[in-house]
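Residue numbers start from 1 in every chain, and the chains themselves are labelled A, B, ... in the order their sequence lines are given, proteins ahead of strands. Just so you know, these numbers use all the heavy atoms, side chains as well, and skip hydrogens, waters and symmetry mates.
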Amino acid sequence: MRMSALFGHTLRDFPKEAETPAHGLLLRGGYIDQLMSGVYSFLPLGNRARLKIERVIREEMDNAGGQEVYLPALQPIELWEQSGREAALGDTLFHLRDRKERGLALGATHEEVVTRLFQDHAQSYRDLPAILYQIQRKFRDEARPRGGLVRVREFTMKDAYSFDADDDGLNRSYAAMFEAYRRIFARCGVPTVAVEADSGAIGGKGSQEFIFFTESGEDTIVYCDTCDYAANTEKAEFVRPPAAAADPQPTEEVETPGATTIEGLATFLGIDPAQTAKAVFMMATPKEGGRGTPVFAVVRGDLEVNEVKLMNALGGGVDLRPMLDSEVAEYGLVAGYASPIGAPSNVRVIADLSLEGSPNLVAGANKPGWHLRNVNLGRDWHAPTADIASAKAGHGCARCGGTLRSSRGIEMGHVFRLQYVYTKAFNVNVLGADGGQVMPTMGCYGIGVERILSAAVEANHDEAGICWPASIAPYDVHMVGIGLDRDEAAKADAEALYAELRAAGLDVIFDDRDERPGVKFNDADLIGMPLRLTVSSRNTAAGVVEFKVRATGEGENLPRAEVVQRVLEAHRALVEGLSVESAALRARTH
RNA sequence: CGGGGCGUAGCUCAGCCUGGCAGAGCGCUGCGUUUGGGACGCAGAGGCCCGCGGUUCGAAUCCGCGCGCCCCGACCA
């Protein structure tokens, strides 16, 4: 590609909507353009990077036994109603109507469609196992797009769906996808760590997320400093700090004027927050709509309620929201002084595991200005217990007793064991070897393509610009021509080299513009191709071409006759350096 | 959906408080000089000042109502 003809230009200033360094570099480099909130166009450079990422994904999916399909974005709403996800996704699903007023949805994901496809075309156990995958646009009406390309409303996703006859088969497919994912992220230069995750609205159980650690991440991950346990806080198990053992003491009222928060209460009474019980009121409303159920969640004062865990403890299928003041009054609760003792019978009380071994806590007395001392679960009040509190840095690891640490991160990919969620919803069966019916068990495996793009830039840039990982760079080589308009020999040299490099199979961008050297070098650094070659009068006269590696700054003058071979070798070395092993090393030292 | 910020040239922004010709830098076009890390001169092009309504002789500027974008939270496979 000649840069004089390339559509799109670099900007000198960072556009003000740039939310992260990576987002800013992509905007400045002429890679992407925002059309509206959460919707981006890709210019030629950005599109090439996207396609390179897709190529890596295709290669790894095909190697792992996947077969690519192409599925509709326009989908009948009935399909979503049948799986129950029309309600589960709610406003996140884009709804529309055709001219005959038929209800349609824009595909937010494709489990329903692919399950139907499988049903129509799989006939017997001989069609198992099957792994179908697609790399396509998906649409989600996100409540708040953010983070540049991180949370958007229209995006490219690779989704794979596996169908197996039994658990062993599913485990094999899952393991194959897991390994493919490690290879994909490594080859794309994005260090990720696999962590245990909540399955959310997609259903199923047993899922892992591939997380790219970054301060601007949306998720909080805890990981053990001793063993390899790592999990999203939506899911993370942990050992609660132990409470001091003590015999239950008689309950007594204590006046606590103005102490409406745990912090205020602990200060007022001169005790540790862990010696209190914290009450959080929520309303659990069915996804389908309708009247909600009041929920009274109790955790020890040193912990926080985790809404995802709470939702799962309630059996799922509900939306949780904080209770309105009017509802608090309606159910006879006293904000700041609420008590699980004598909670109204129409309020669902649920206690965190931390309450079980923590005697003599201070809890609300259910009247303004008063608390109760020495409240004990099981003696003074009763409620089912569950893990409904968030793990935090400093807590104990549930696996090995080590200490948990935490970091922010972005989900790059997610692998799920769906099992029978969709085959059951659509009553999918194939003929078994014994003549009976077999219901396939499913897995699904997603990767956000633009998230990889964004994370690859975040993980690979410096002050001057992007340093693309070689396997996903829009071009392999950036050729800079200096003063070619004033030197016929240098110009001929550059043109010849441009042709030779392309003939050798390299993707080359050739800066043939009539610009000053500084402009060209700065643009080359900004848009970030992995290798740079400079052809100029003085180099041509000396029979050399300047060679430089973008990421390291290392370089040398190569004899003209060796240039193509040396560049090929250097490029191969960069691509091979993007291995699973090197990625693991980088992730560990994040 | 709650709280906050912003909206003027392709980009970054000034002008608004205190109403009176639509501005700067960068970028862009042409000509000339220059040429190894974002040169210089000359001449130009480029605007629904987010929209609608109101106040006023007169509105980018004041008032009202919308819309859009961004941030924090709620939400989020």
Side-chain angles (χ1 to χ4, degrees), chain A residues 8-20 23-24 27-28 30 33-39 85 88-93 107-111 138-148 150-153 155 157-159 197-204 207-210 216-219 232 234 282-283 285 287 307-308 311 319-322 324 410-416 418 421 444-448 451 463-465 480-487 490 511 513-526 532 534-540 546 548 553 557:
Chain A
H9 297 278
T10 57
L11 300 173
R12 283 221 195 183
D13 302 310
F14 278 97
K16 69 174 173 186
E17 77 239 38
E19 297 176 38
T20 62
H23 187 214
L27 289 166
R28 257 190 80 197
D33 178 79
Q34 182 170 8
L35 179 63
M36 57 178 169
S37 180
V39 179
R85 290 210 298 175
L89 266 71
D91 291 336
T92 301
L93 190 65
T109 175
H110 288 75
E111 280 79 15
K138 309 229 171 176
F139 302 86
R140 293 179 192 178
D141 195 357
E142 295 289 351
R144 181 150 94 81
R146 73 175 95 193
V150 169
R151 182 160 292 281
V152 290
R153 299 194 291 174
F155 57 100
M157 188 165 177
K158 188 287 300 178
D159 241 340
D198 181 67
S199 298
I202 205 157
S207 83
Q208 286 165 289
E209 291 170 332
F210 286 80
S216 60
E218 303 183 303
D219 294 308
N232 196 308
E234 295 172 358
M282 309 289 290
M283 285 298 289
T285 52
K287 297 270 192 187
E307 289 188 22
V308 173
M311 194 158 58
D319 276 323
L320 278 179
R321 60 168 175 80
L324 303 173
I410 298 173
E411 175 187 356
M412 291 287 123
H414 203 154
V415 291
F416 296 84
L418 288 176
V421 173
C444 79
Y445 318 90
I447 289 181
R451 281 190 180 182
E463 288 286 296
V480 178
I482 301 292
L484 302 187
D485 292 332
R486 287 170 286 119
D487 186 327
D511 193 347
R513 297 176 301 170
D514 181 19
E515 288 287 352
R516 296 175 62 83
V519 172
K520 295 189 174 198
F521 288 134
N522 281 312
D523 274 348
D525 288 345
L526 175 60
R532 191 184 81 189
T534 304
V535 177
S536 67
S537 294
R538 74 183 196 206
N539 288 343
T540 295
E546 182 188 314
K548 194 168 186 179
N557 287 333

Indicate, with a heavy-atom threshold strictly under 4.0 Å, whether M157(A) touches base, sugar-phosphate, or nothing. base

With a 4.5 Å limit on heavy-atom distance, are the side chains of R85(A) and T109(A) in contact? yes

Among U35(B), G36(B), G37(B), the one nearest K548(A) by side-chain distance: G37(B)

Which listed nucleotide (G36(B), G38(B), C69(B)) is nearest to the side chain of S37(A)? C69(B)

Pair assignment for G27(B), Watson-Crick or G-U wobble, requiring both distances under 3.5 Å: none

Can you confirm whether M36(A) sits close enough to R153(A) that some side-chain heavy atom of one is under 4.5 Å from a side-chain heavy atom of the other? yes

Select one nucleotide: of U35(B), C76(B), G38(B), the one nearest the side-chain heavy atoms of R516(A). U35(B)

L11(A): side-chain contact (heavy atoms from CB on, under 4.5 Å) partners, not counting sequence neighbours: P15(A), R28(A)

Given side chains that start at C-beta, do those of M412(A) and I447(A) come closer than 4.5 Å, heavy atoms only? no

Measure CE/M282(A) against P/C75(B) and give the value in whole Å, please. 7 Å

Measuring only between side-chain heavy atoms, which start at C-beta, is E218(A) closer than 4.5 Å to E411(A)? no

Please determine, for C1(B), whether a Watson-Crick or G-U wobble partner exists with both distances under 3.5 Å, and give it or none. G73(B)

What is the separation between atom CD on E307(A) and atom P on A74(B), rounded to the nearest whole Å? 8 Å

Pairing partner of G51(B) (Watson-Crick or G-U wobble, both distances under 3.5 Å): C65(B)

In whole angstroms, how far is the P atom of C71(B) from the CD atom of E218(A)? 11 Å

Would one find more than 12 heavy atoms of other residues, nucleotides or ligands at under 6.0 Å from atom CG of D91(A)? no

Of all the nucleotides listed (G36(B), G37(B), G38(B)), which has the minimum atom distance to the side chain of D525(A)? G37(B)

Check: G3(B) base within 3.5 Å donor-acceptor of R144(A) side chain: no

With the side chain defined as heavy atoms from C-beta on, D523(A) is closest, among G37(B), C72(B), G38(B), to G38(B)

Considering only atom C1', compute the distance from G58(B) to C62(B) and round it to an integer number of Å. 13 Å

Taking atom C1' in both C28(B) and C69(B), what distance in whole Å separates the two? 26 Å

Counterpart residues, salt bridge (Lys or Arg N to Asp or Glu O under 4.0 Å), relative to D487(A) (two or more places apart): none

I'd like a table of atom pairs between the protein and nucleotides 24-31 of chain B - only N or O on both sides, under 3.5 Å - with the distance next to each one.
from: G27(B); atom 1: OP1; to: R12(A); atom 2: NH2; distance (Å): 2.7

Quick one: look up who C40(B) pairs with, Watson-Crick or G-U, both distances under 3.5 Å, and put none if it's unpaired. G32(B)

Could you state the atom-to-atom distance from CE of M283(A) to C1' of A74(B) in whole Å? 16 Å

If I take atom CG in residue D514(A) and atom P in nucleotide G36(B), what distance separates them, rounded to the nearest angstrom? 13 Å

From the set C70(B), G36(B), A74(B), return the single nucleotide nearest to any side-chain atom of R538(A). G36(B)

Least distance between heavy atoms, G38(A) atom then P145(A) atom: CA-CB, 3.6 Å

Roughly how far apart, to the nearest Å, are C40(B) and C70(B) at atom C1'? 39 Å

Regarding the side chain of V519(A), the nearest nucleotide among G36(B), A39(B), C69(B) is A39(B)

Is a side-chain donor or acceptor of N539(A) paired with a backbone partner of V535(A) at a separation under 3.5 angstrom? no

Rounded distance (Å) that lies between atom P of G36(B) and atom CG of L484(A): 13 Å

Quote, to the nearest angstrom, the P distance that separates G3(B) from A9(B). 29 Å

Whole-Å C1' distance, G7(B) and G15(B): 15 Å

Name all residues meeting the side-chain hydrogen bond (donor to acceptor under 3.5 Å, both in side chains) criterion together with R513(A); count only those two or more places apart in sequence or in a different chain, and write none if there are none. D511(A), D523(A)

Whole-Å distance separating the CG atom of D485(A) from the P atom of G32(B): 13 Å

When only distance counts, do a donor and an acceptor, one from the side chain of R513(A) and one from the base of G38(B), lie under 3.5 Å apart? no

Among residues at least two apart in sequence or on other chains, which ones pass salt bridge (Lys or Arg N to Asp or Glu O under 4.0 Å) with E546(A)? R532(A)

Between atom NZ in K16(A) and atom P in C70(B), what is the gap in whole Å? 11 Å

Nucleotides 46-50 of chain B: which of its N/O atoms have a protein N/O under 3.5 Å away?
none

Quick one: label Q34(A) by what it contacts on the DNA or RNA (base, sugar-phosphate, nothing), any heavy atom closer than 4.0 Å. sugar-phosphate

Pairwise side-chain contact, I482(A) with T534(A), heavy-atom cut-off 4.5 Å (strictly under): yes

Quick one: label Y445(A) by what it contacts on the DNA or RNA (base, sugar-phosphate, nothing), any heavy atom closer than 4.0 Å. nothing

